[in-house]
Amino acid sequence: MRMTRYFLPTLREDPSEAEIISHKLLLRGGFIRKVASGIYNFLPIGFRSLKKIENIVRTEMDRAGALEILMPMVQPAELWMETGRWQAYGKELLRFKDRKEHDFCLGPTHEEIITDLVRKEVRSYRDLPLILYQIAPKFRDEIRPRFGLMRAREFIMKDAYSFDADEEGLEKSYKLMYETYQRIFKNCGLKFQAVEAHTGAIGGDVSHEFMVLAETGEDTLAICEACGYASNVELTPAILGEKYQEEPKKPLEKVYTPGVRSAKDVADYLGLPLPKITKTLIYIVEEKEPIAVVLRGDHEANEVKLEKLLGGRPFRMAREDEILNLIGAHPGFLGPKGLKMKVIADKALESYPNFVIGANEDEYHYLNANLGDTFTPDIIADIRKAAPGDLCPKCKKPLSFTKGIEVGHIFKLGTKYSSAMKATFLDKNGKEKPFIMGCYGIGVSRVLAATVEQNHDEKGIIFPWQIAPFQIALISLEKALNEEGERLYQRLLARYEVLFDDRDERPGVKFKDMDLVGIPLQIILGKNYQEKGELEIKVRKTGERIYAKPENLEETLEKIKERLLNENF
RNA sequence: CGGGGCGUAGCUCAGCCUGGUAGAGCACCGGCUUCGGGAGCCGGGGGUCGCAGGUUCAAAUCCUGUCGCCCCGACCA
């Protein structure tokens, strides 16, 4: 592509609306433009990258035997009523009426549509297993869209659905998709990690998330380098690595602690280490029942674990005025002793001698509290987030923690949708059975954003070779070399996707633009060529410059390409 | 839905407090020079100051309403 013929509006400055790196760089590089909050145009170069990702996904899905289809974005309410999700799905589901006053919604996902399709057309176990997928826009009316493509309202998703005759079949389909996802993200040239994940609203027992590793990720992953265990910390069982030193129980002692509210303040004020302090959190379950959760000061509550413990009943943190009403003390001075509500203590408090608790009286704490003596919790359970120092639940080696961006999620659905929608087939014995389903998603447009989050520097994006919009940027610096550049461009097109900067611009502008959009290799035609007859190849990622005689160009490029693909350096 | 911030040229922003009829840099158009890391000089085009009311002789500026965008609202007792 010649740049004089291309539509690539780059921005010199960061747009004021963008906060995170991928959002800034995708806007500045002319990949996307905002249409409305959480809704974007993909410009030519952005769409090219998106298609690269799509094609990798498509290739691997097809290889796995999945069949590509296309389902509508507009969906009738009737199907959603069958599964009860017309009510259950919140405001994220954008609903509207057509001219005949019939209810419709924009599809945030397609379980209902696909289940309807399959129940109408598939009758026999002989037609199973069946995996169908599509790559299509989805719409979720997020409460707070943000971070550009990372949390958009309209976005591109690959969603696949498997239909099997029995659990073993589902197991196979799930495993097949797991392996397919591994290939997809590997082929995208991304550093990623599959982790055990919590199933959320969709239900089912097992699920895995695929996480692109990046500092800026919103999820925390617990990884065991020894045995390969990996999970989202939402799910990671917290196994304390430290052994508490035995010490004799000391008598409970009330101390004056004016004005200290956070556990950290209390620790500093009393001159004790943070873990010696405990904090007591008040939750309101189902808008009526208050409960207290007691944790070590350096630990954080894990609301996913709490939700499981409460059997899925809805809960929220209590407001300050509610706490004041219930306990008569302000947050910061709460403790489990003498509370008239259910008390849940975290496991890490077991056999922990002489810790500090709030006195349920403003400006006072107790020293030397002991589980069982000072108070007896109704439940002792693992309700905290795993943290550095904790051990792997499988092999008991220390866990390490890292950040990731969720780009894929695979679930076993079982018969949740097929039962609700009476989607059945006849098995070998002529018996009617609901399909056993799985669903498998990849946020295609989010992969683009995650790629940028993982691969950038102060100059701009650094695309992995596999999903770069172009692989080679050809930069001609001298007018006198225009013909030479044209010839080289034609020659390179035989093997590569090339963006040829044939603009009448100053060198600095050309370098800045190419660095910004992140094309892996730049071939510079300038004074080096004029003086020595050598072409200069700049590797975007490392900044190194490699020189090649024109006759050796392809050979050299292939070597660098191989290195980029294999070493992932 | 609450709390905060912002809407002025294509982009980044100044001007608003203290009303007097709109600016800078970049981008764009023309010219000359320049040409290996976002050039310099000269000349030019471009804005109903988000929108709607109100106050006033006069509103980008003050008041009210409205729309849009961004951030915070699970870092925690």
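Quick caveat: nothing in here was measured; it's all calculated off a predicted structure. Basis for what follows: all heavy atoms, side chains included, without hydrogens, waters or symmetry-related copies. Convention: sequence-line order gives letters A, B, ...; per-chain numbering from 1.
- Ion pairing between A:Glu554 and A:Arg491 holds under the 4.0 Å rule for side-chain N and carboxylate O.
- Seen from the ring of A:Trp86, A:Arg95 counts as a face-on cation partner, given the 6.0 Å and 45° thresholds.
- Mapping A:Gly508 and A:Thr280 onto RNA chain B by nearest heavy atom places A:Gly508 at the nucleotide closer to the 5' end.
- Under the 4.0 Å criterion applied to side-chain N and carboxylate O atoms, A:Arg2 and A:Glu486 are assigned as salt-bridge partners.
- Across all strands shown, A:Lys385 has no heavy atoms under 4.0 Å from either base or sugar-phosphate atoms.
- Put simply, CZ on A:Arg12 is 14 Å from P on B:U12, counting in whole angstrom units.
- The pair A:Arg140-A:Glu154 does not meet the salt-bridge criterion, since no charged nitrogen lies less than 4.0 angstrom from a carboxylate oxygen.
- In this structure, A:Asn528 atom CG and B:G36 atom P are separated by 13 Å, rounded to whole Å.
- Rounded to a whole angstrom, the distance from the C1' atom of B:A9 to that of B:G50 is 15 Å.
- Base pairing of B:A14 is not made with any nucleotide, judged by Watson-Crick or G-U wobble geometry with both donor-acceptor distances under 3.5 Å.
- The CZ atom of A:Arg28 sits 12 Å away from the P atom of B:U12 (whole-angstrom rounding).
- Here B:C32 sits opposite B:G40 as a Watson-Crick or G-U wobble pair (both hydrogen-bonding atom distances under 3.5 Å).
- Atom CZ of A:Arg503 and atom P of B:G38 are 14 Å apart (whole Å).
- Annotation: B:C17 and B:U61 have their P atoms spaced 9 Å apart (nearest Å).
- Comparing the C1' positions of B:C1 and B:G38 gives a spacing of 44 Å, expressed to the nearest Å.
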Just the atom pairs and distances: protein N or O near nucleotides 66-74 of chain B's N or O, under 3.5 Å.
{"unit_1": "B:C69", "atom_1": "OP1", "unit_2": "A:Ser37", "atom_2": "N", "d": "2.9"}
{"unit_1": "B:C69", "atom_1": "O3'", "unit_2": "A:Lys34", "atom_2": "NZ", "d": "3.0"}
{"unit_1": "B:C70", "atom_1": "OP2", "unit_2": "A:Ser37", "atom_2": "OG", "d": "3.1"}
{"unit_1": "B:C72", "atom_1": "OP2", "unit_2": "A:Arg144", "atom_2": "NH2", "d": "2.0"}

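- Under the salt bridge (charged side-chain N to carboxylate O under 4.0 Å, His left out) criterion, the residue pairs touching residues 297-306 of chain A are A:Arg296-A:Asp298, A:Glu300-A:Lys385, A:Lys305-A:Asp382, with sequence neighbours excluded.
- Atom NZ in A:Lys538 sits roughly 15 Å away from atom P in B:G36 (whole-Å rounding).
- Heavy atoms of other residues, nucleotides or ligands lying less than 6.0 angstrom from CD1 of A:Ile143 number 12 at most.
- When the P atom is compared between B:U56 and B:G10, the two are found 34 Å apart, to the nearest whole Å.
- Atom CG in A:Leu27 sits roughly 14 Å away from atom C1' in B:U12 (whole-Å rounding).
- No contact: A:Leu334 has no heavy atom under 4.0 Å from any strand.
- Under a 4.0 Å N-O distance rule, the pair A:Arg153/A:Asp141 qualifies as a salt bridge.
- A salt bridge between A:Arg540 and A:Asp457 is present, with a side-chain N of the basic residue lying under 4.0 Å from a carboxylate O of the acidic one.
- Using a 4.0 Å heavy-atom cutoff across all strands shown, A:Ile323 reaches at least one base atom of the nucleic acid.
- Across all strands shown, nothing is found opposite B:G45 as a Watson-Crick or G-U wobble partner with both distances under 3.5 Å.
- A:Lys510 has no carboxylate O lying under 4.0 Å from a charged side-chain N of A:Glu505, or vice versa, which leaves the two without a salt bridge.
- The A:Lys527 side chain lies nearest to B:G36 when the options are B:U12, B:G36, B:C76.
- Using a 4.0 Å heavy-atom cutoff across all strands shown, A:Pro15 reaches sugar-phosphate atoms only and no base atom.
- A donor-acceptor pair under 3.5 Å is absent between the side-chain atoms of A:Asp390 and the main chain of A:Ala238, judged by distance alone.
- Under the Watson-Crick or G-U wobble criterion, with both distances below 3.5 Å, B:A27 has no partner in any strand shown.
- Both distances falling under 3.5 Å, in either a Watson-Crick or a G-U wobble arrangement, occur for no nucleotide opposite B:U56.
- Scanning residues 510-526 of chain A for heavy-atom distances under 4.0 Å to RNA chain B yields A:Phe511, A:Lys512, A:Asp513, A:Asp515, A:Ile524, A:Gly526.
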What does the list of N/O pairs under 3.5 Å between the protein and nucleotides 33-35 of chain B look like, with a distance for each?
{"unit_1": "B:U34", "atom_1": "O2", "unit_2": "A:Arg506", "atom_2": "NH1", "d": "2.5"}

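- A salt bridge is defined here as a Lys NZ or Arg NE, NH1 or NH2 lying under 4.0 Å from an Asp or Glu carboxylate O, and A:Arg487 with A:Glu484 meets this definition.
- When heavy atoms are screened at a 4.0 angstrom cut-off, A:Asp14 is found touching the sugar-phosphate backbone but no base atom.
- With C1' as the reference atom, B:G23 and B:G47 are 11 Å apart, rounded to whole Å.
- For A:Lys97, the NZ atom is densely surrounded, since the number of other residues' heavy atoms within 6.0 Å is greater than 12.
- Within the shown strands, B:C67 is the pairing partner of B:G7 under the Watson-Crick or G-U definition, both distances less than 3.5 Å.
- Ionic pairing of A:Glu286 and A:Arg313 is present here: one or more N-O contacts between side-chain nitrogen and carboxylate oxygen are shorter than 4.0 angstrom.
- Taking atom CG on A:Asn302 and atom P on B:C76, their separation rounds to 17 Å, with Å as the unit.
- Comment: A:Lys479 engages A:Asp504 in a salt bridge, judged by a side-chain N to carboxylate O separation of less than 4.0 angstrom.
- A donor-acceptor pair under 3.5 Å is absent between the side-chain atoms of A:Ser231 and the main chain of A:Val233, judged by distance alone.
- Distance noted for atom C1' between B:G15 and B:C35: 37 Å (whole Å).
- Looking at A:Asp219, its side chain never comes within 3.5 Å of a backbone N or O of A:Met211 through a donor-acceptor pair.
- Rounding to whole angstrom units, CG of residue A:Leu295 and P of B:C75 are separated by 13 Å.
- On the C1' atoms, B:U48 is 12 Å away from B:U8, given to the nearest whole Å.
- Comparing B:A27 with B:G45, their C1' atoms are spaced 13 Å from each other, to the whole Å.
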So which protein N/O to nucleotides 3-8 of chain B N/O distances come out below 3.5 Å?
none

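- Base pairing annotation: B:C76 forms no Watson-Crick or G-U wobble pair, as no partner gives both donor-acceptor distances under 3.5 Å.
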All N/O donor-acceptor pairs, side-chain side in residues 34-48 of chain A, below 3.5 Å, sequence neighbours left out:
{"unit_1": "A:Tyr40", "atom_1": "OH", "unit_2": "A:His23", "atom_2": "NE2", "d": "3.3"}
{"unit_1": "A:Arg48", "atom_1": "NE", "unit_2": "A:Pro469", "atom_2": "O", "d": "2.7"}
{"unit_1": "A:Arg48", "atom_1": "NH2", "unit_2": "A:Glu497", "atom_2": "OE2", "d": "3.0"}

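- Where A:Val266 and A:Arg545 each meet RNA chain B at their nearest nucleotide, the meeting point lying more 5' is that of A:Arg545.
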